[in-house]
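Heads up, the thing below is written out as structure tokens.
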Amino acid sequence: MPSDPQPIAGIWYPEQSNRFVRASLVAEGANLSVLAEDGALLTSGVVSNTTVTERVGNVLRRLTLANGSVFETPDNDAIDALVAVAKGGRAGWIHRAERFHPRLVMFAVLAILFIIGIYRFALPALVELAVAVTPPVVPEIMARGTLQTLDATTFDTTALSPDERSKLREGFERLKARSGLDSGRFRLEFRQGGLIGPNAFALPDGTVVITDELVKFADGDTELLLGVLAHEIGHVELEHSLRQFYRSVGAAGLIMLIGGDIGSGMEDILVQGGGLLALSYSRAQEADADRHSVRLMAKAGYDPEAIGRFFTLLESKLHDDSGTNILATHPGTPERRKAVHEYAQELQSAN
Ligand SMILES: [Zn+2]
């Protein structure tokens with residue numbers, strides 16, 4: 001059996017002692033010798049009676065001999081080689097995980113808390129940072145991709161009459177002129193909704209899409225529809241979809257994104273807009289957009305509670321036909337109507 005007499009440098013701790021001496025370990029077959037610097041034999045043992053700790057990063061390897069003395073070395077590669085050689089023979093090493101250690105447990109707990117911390121506190125902060133550093137071209141690319149995808153898969157050209165469209169366009173012009181953003185950013189698009197049915201939604205670049213089905217749903221109440229459009233303008237102004245998108249990307253993705261390292265996966269999501277389609281707003285975001293609608297409608301000289309009429313209509317249609325899927329995407333409708341009413345009252349008494 002080929003033996004490797006190459007000594008491994010390390011430190012030797014005699015049994016039950018904190019004192020240590022520089023030493024080297026020499027393995028010949030299954031026999032181990034620990035030698036002092038002057039070559040004197042400190043102790044010896046056999047592989048089968050010696051335990052060795054597993055390799056963990058650059059942590060020192062610890063060999064405990066049968067007599068209780070310990071040899072420690074930073075030379076992980078040499079120990080691995082020794083272990084590999086011994087594995088071939090009959091005399092196996094005894095592997096032992098590092099002894100149960102309170103400090104190790106504490107470290108694990110801290111690591112878990114750190115990860116929870118990232119999601120609780122650092123993720124919202126990273127999202128805000130990402131929104132702040134996002135160049136305007138990104139929401140444009142995302143929006144274009146999303147609309148193209150929907151046009152290819154779901155939407156059809158609008159079948160609304162020119163009169164229906166121009167009434168909504170006029171109102172939309174008044175609303176966007178009073179928004180907090182450059183009014184040139186906003187654009188109203190009409191589509192037949194197909195699978196998505198009666199709906200309106202905003203893309204992060206300021207494109208607002210309203211479906212024919214929603215216009216029909218409102219039964220001639222243009223102001224109600226404007227209340228919904230004002231709500232969508234609110235989502236754009238408050239950058240909700242960008243926030244939700246970054247939230248879905250997660251902390252690791254955001255760090256890459258902010259660092260400028262946009263992976264190909266991220267690029268796909270940005271360009272195809274698939275990421276946007278799967279998103280839904282949080283309840284808090286919906287409530288913010290509702291209040292935004294109340295304010296914007298009041299500024300434009302419309303009924304501030306028009307969005308509330310939309311919720312009333314949703315509730316009555318729910319009674320007629322519980323199969324309407326528009327409610328599934330708009331949870332908590334009665335609560336939202338009540339909140340809209342209270343906020344409108346509050347604004348009125350403040351003026
Ligand atoms: Zn909304």
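This chain uses plain numbering: 1 for the first residue, then up along the sequence. Model, not experiment: these values are computed from the prediction. Atoms within each ligand, like the ligands themselves, are counted from 1 in listed order.
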*Could you tell me whether any N, O or S atom belonging to His240 is less than 2.8 Å from the Zn ion (ligand 1)?*
no
*asked:* Would you say that Arg144 contacts Thr207 through its side chain, given a criterion of any heavy-atom pair below 4.5 Å between the two side chains?
replied: no
*Apex the Zn ion (ligand 1); atoms His235 NE2 and Glu286 OE1; angle rounded to 10 degrees*: 100°
*Would you mind checking if Glu223 and Arg309 are paired as a salt bridge, meaning a charged N to carboxylate O distance below 4.0 Å?*
yes
*asked:* Under the ring-ring contact (aromatic ring centres under 6.0 Å, His included) definition, can you give me all pairs with a residue in residues 39-78, not counting sequence neighbours?
replied: none
_Within 2.8 Å of the Zn ion (ligand 1), is there any N, O or S atom belonging to Asp290?_
no
*asked:* Would you say CD of Glu189 has more than 12 non-hydrogen atoms from neighbouring residues, nucleotides or ligands within 6.0 angstrom?
replied: yes
